[in-house]
Protein chains: 4
Amino acid sequence: MSAPGDLLDEQQELVSPATGRPLTKRGEATRRRLLEAAEAVFAEQGYHEASIVKITERAGIGLGTFYLYFDSKQTIFEALVIDLNRRVRHSMSEAMEGASSRLEAERAGFAGFFRFTAEHPALYRVVREAEFVSPETLRLHYTRIVEGYEAGLRAAQRAGDVDPQLDPAVAAWALMGMGELIGMRFLLWERDAEGRPPAEIDPVVFDAMARFIDNALAPRRGQDGDAK
Amino acid sequence: MSAPGDLLDEQQELVSPATGRPLTKRGEATRRRLLEAAEAVFAEQGYHEASIVKITERAGIGLGTFYLYFDSKQTIFEALVIDLNRRVRHSMSEAMEGASSRLEAERAGFAGFFRFTAEHPALYRVVREAEFVSPETLRLHYTRIVEGYEAGLRAAQRAGDVDPQLDPAVAAWALMGMGELIGMRFLLWERDAEGRPPAEIDPVVFDAMARFIDNALAPRRGQDGDAK
Amino acid sequence: MSAPGDLLDEQQELVSPATGRPLTKRGEATRRRLLEAAEAVFAEQGYHEASIVKITERAGIGLGTFYLYFDSKQTIFEALVIDLNRRVRHSMSEAMEGASSRLEAERAGFAGFFRFTAEHPALYRVVREAEFVSPETLRLHYTRIVEGYEAGLRAAQRAGDVDPQLDPAVAAWALMGMGELIGMRFLLWERDAEGRPPAEIDPVVFDAMARFIDNALAPRRGQDGDAK
Amino acid sequence: MSAPGDLLDEQQELVSPATGRPLTKRGEATRRRLLEAAEAVFAEQGYHEASIVKITERAGIGLGTFYLYFDSKQTIFEALVIDLNRRVRHSMSEAMEGASSRLEAERAGFAGFFRFTAEHPALYRVVREAEFVSPETLRLHYTRIVEGYEAGLRAAQRAGDVDPQLDPAVAAWALMGMGELIGMRFLLWERDAEGRPPAEIDPVVFDAMARFIDNALAPRRGQDGDAK
DNA sequence: AATGAATGAGAATTCATTCAT
DNA sequence: GATGAATGAATTCTCATTCAT
């Protein structure tokens, strides 16, 4: 269960696809600038509207230089998904650190996710578009996050904090789907008069969602260890 | 709240975008053949890989003829999404008809959704891709479905079948997100040795999801009418 | 022995590589304009300096139109070699028609070749460059011409006009090599003050070459049927 | 008549095109490694497929270093042709050394040429491709070889071994054209099952060619000294 | 002397859309 | 109504050459 995820995590030595040689300091900096530009361009224009030229211009880098670091538009897109995955998971686990109860942890995790989404609209758009650009990469992304949810749910079940009859895998995917669509509807679709998305999700909505989750997960009274 | 949905439903009189005149019998048939061909081509190849030539060839129609019926590639795509939206909602409400309890209705609704997805795995792709082709159309699609959920939840709350403290709108989006990701993970990603998706979702998964939903929606003991 | 040559001759029905459909009258005219432009551009600039844009501009045709008639630069190049081959062979056999002796026929054949070369510098350059662009096509071209020489030599041997001990195939390739290099040196490399090649080969050179050939082919005295 | 050839022969002092200064010992070694790598790469891949990176990698030298020794890709190609010209002429004159008659010398010369071709089949390609890369260099190459033929023919004419009415220049070009095409057809096009060219030209073909040449050059009976 | 990261002009190719027939 | 030849803007990718280190 950890194998596919590793692909996303291990920090392989980066090499130039053009020369096959490992990257120098300068090279790593250039690669990072390209990734940052790609994040912005893909987020704003989407995969198909984006072009290598737009990315390199945004990065302030020559067109040909792109191909010293990435094989193609698809390659940088995939690298970006992997990068975002690492960051969103980091953002979530950071937010959950120090939570003293399941409920607190849940809220903190979702809050971390929404915060990251608000700050990086790229995450949302890029990840969902990955379904049509590189399905395999999308699977890795989703799977990796779900694994974290699932492990948390299992632990909470052992602690008696979560309905023991829930299937943790199914519940994890359900939670992820919830988060995605609520984020889309109440964060990304909400715009002010100038068309800018809000800095964070409406607390009322957040609380409503929290209640939904709480209902779903909480052990039902009088059922503690007696399941099925 | 009903205005946008109407756009999806009302059967406007069809006119040729080229001449502005209403379609003849023969014209309507040609238009339908184009839509059917587009459904197949978009489903198999995705929006960007699809081309007008492929669609017209599949429809057995001259290339130029396409523009007598649709303004652009995007236009026919949008028409197709609207068509699919009508069909999936029909499939769901048909499934829910005659359910005698909230629980039964829930399960029937999701079952209808999954059945439609299993029967038209590729059509699912068209809808999700709409997010990147015509976001406005996708909003209509989602909104229209969510409205149905929401109305159902409100009614069930009034009947005391659903936790009165839940926000029906948020809960409806949560349910939709759940359905999407569970359908993707446990239906579309599951393939047999020949790479074909299963005819229906695994009943065990379905039951696990049902329990999750049931937990989320059920009124908590001792709270029945006293909330809000 | 006739199989490969046929490839050069048979007038296949022309189809568009884009649509797979046979060409209309208009289509055939466009294709011909492209071939003529390609002849000029390849001759002047060579294969690698030539570009599709240059060819279509010369033909007075839109860039995209090119791809309705040819798959690639290489494809039109090959079509051009085949076309030139047909024409130079026609030019040679026309020139040889009505020659009343071997000697006369030889001279007429080479004269036809040089005349065609002077009028179509493309022949020379395109054909020789084919060695590096499409070796297979070059083989067809050379083989087809050599077959004609060879058949002529055999007939002349039977008539007692040519040294019966000569191997007609080897002699045919020798004659072709001669013609090529003499044409290069004394026709294409000769330029007037303005850098233009002469309209025909210097008659003195032509006569010198004719003597060389005559020596090579003529039956040696007293050897007629008595070979080796 | 000797001026252009000198360009091929004189061993100019080598200077760096970058600094204009004469090469050091180490520099000369680097230059030689580049030339050897270029020979292999141009031979295997042709001029346009070859790239500076491929050459420097093969030479085990940094990319930028290339430009300390050669101005451009074309420059190193020309240097290579000149090098090969020297070697093929050396191979031919070595073969002709000690021949005791015109006939023997002729055969030896062609044998030397074919041997060189068989041993360096790919180098042959470099020379022929020069026609399209650097026509001027090819002229030098051809001219230099033809001059040797021509001088030999003149001497043989004086000795009464060659038809005095032949024009030695035209005959020399004719012989060279013959050799080229016969070498191409009967040496380079002949491949065994594994696609490798034979080690030498078929002796039967060689003899057939020799007879053709012999016919062409031999003084005709009864004409010995009376011509012109 | 040597290096290799950076550059950008230039090439091939695609395809939504137009319009004359 | 129907057709399909024609179009050209836009995109991806290559590679000879430069130059700061």
Side-chain angles (χ1 to χ4, degrees), chain A residues 16 18-19 21 23-27 29-31 48-54 56 60-74, chain B residues 16 18-19 21 23-24 26-27 30 48-57 61-76, chain C residues 16 18-19 21 23-27 29-31 48-56 60-74, chain D residues 16 18-19 21 23-24 26-27 30 48-57 61-75:
Chain A
S16 162
T19 65
R21 270 193 288 255
L23 260 42
T24 60
K25 270 270 144 51
R26 186 182 178 192
T30 306
R31 194 188 122 101
H48 286 95
E49 278 305 299
S51 73
I52 312 283
V53 172
K54 284 173 185 167
T56 51
I61 270 175
L63 168 59
T65 307
F66 177 91
Y67 292 92
L68 297 179
Y69 298 96
F70 298 96
D71 273 329
S72 63
K73 189 164 85 160
Q74 167 139 350
Chain B
S16 162
T19 64
R21 276 197 293 247
L23 298 186
T24 62
R26 185 183 173 193
T30 305
H48 288 94
E49 277 303 297
S51 73
I52 308 293
V53 168
K54 284 173 187 165
I55 292 171
T56 52
E57 270 175 2
I61 272 175
L63 167 58
T65 308
F66 176 90
Y67 290 89
L68 298 179
Y69 296 96
F70 298 96
D71 272 330
S72 66
K73 186 177 166 182
Q74 172 149 345
T75 305
I76 194 175
Chain C
S16 162
T19 64
R21 270 194 287 255
L23 261 43
T24 61
K25 268 271 145 49
R26 187 183 176 193
T30 306
R31 193 188 123 102
H48 286 95
E49 279 304 299
S51 73
I52 312 285
V53 171
K54 284 174 184 168
I55 292 171
T56 51
I61 270 175
L63 168 58
T65 307
F66 177 90
Y67 293 90
L68 298 179
Y69 298 97
F70 299 97
D71 272 329
S72 64
K73 190 164 85 161
Q74 168 139 351
Chain D
S16 162
T19 64
R21 276 198 293 247
L23 297 186
T24 62
R26 186 181 171 195
T30 306
H48 288 94
E49 277 303 297
S51 74
I52 307 293
V53 168
K54 283 174 187 165
I55 291 171
T56 52
E57 269 176 2
I61 272 174
L63 168 58
T65 308
F66 177 90
Y67 290 89
L68 298 180
Y69 296 96
F70 297 96
D71 273 331
S72 66
K73 186 177 167 181
Q74 173 149 344
T75 305

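The sequence lines fix the lettering, A, B, ..., with proteins before strands; numbering per chain opens at 1. What you see below is based on every heavy atom in this structure, not just the backbone, and it leaves out hydrogens, waters and symmetry mates.
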task = Mind listing the closest non-hydrogen atom pair of D/K73 and D/H48 along with its distance?
result = NZ-O, 3.8 Å
ask   = Stem ranges for DNA chain E, with three or more consecutive Watson-Crick or G-U pairs under 3.5 Å?
value = E:2-21 with F:2-21
query = In Å, rounded to the nearest 0.5 Å, how long is the span from CD1 of B/I61 to OG1 of B/T30?
reply = 5.0 Å
ask   = In terms of the nearest nucleotide of DNA chain E, which residue is placed more toward the 5' end: A/T65 or C/G64?
value = A/T65
Nucleotide N/O to protein N/O under 3.5 Å, stretch nucleotides 10-13 of chain E:
from	atom 1	to	atom 2	distance (Å)
E/dA12	OP2	C/I52	N	3.3
E/dT13	OP2	C/Y67	OH	3.3

message = How long is the straight-line distance from OH of A/Y69 back to OG1 of A/T56, given to the nearest 0.5 Å?
response = 13.5 Å
Touch class at under 4.0 angstrom, heavy-atom based, for D/Y69 against every strand present = sugar-phosphate
ask   = Taking atom C1' of E/dA1 as reference, at what distance in whole Å does atom CZ of D/R26 sit?
value = 6 Å
request  = Please name all residues satisfying side-chain contact (heavy atoms from CB on, under 4.5 Å) with A/K54, sequence neighbours left out, ordered by chain then number.
outcome  = A/V41, A/Q45, A/E49, A/S51
key: A/Q74: side chain to side chain donor-acceptor pair (under 3.5 Å) partners, not counting sequence neighbours   = A/E78
remark   = So the contacted stretch of DNA chain F, first to last nucleotide with an atom under 4.0 Å from a non-hydrogen atom of chain B, runs from F/dG1 to F/dA5
request  = Enter the distance from A/L68:CG to A/R21:CZ here, rounded to the nearest 0.5 Å.
outcome  = 10.5 Å
request  = Under the side chain to side chain donor-acceptor pair (under 3.5 Å) rule, collect the residues that match up with D/T65, sequence neighbours excluded.
outcome  = none
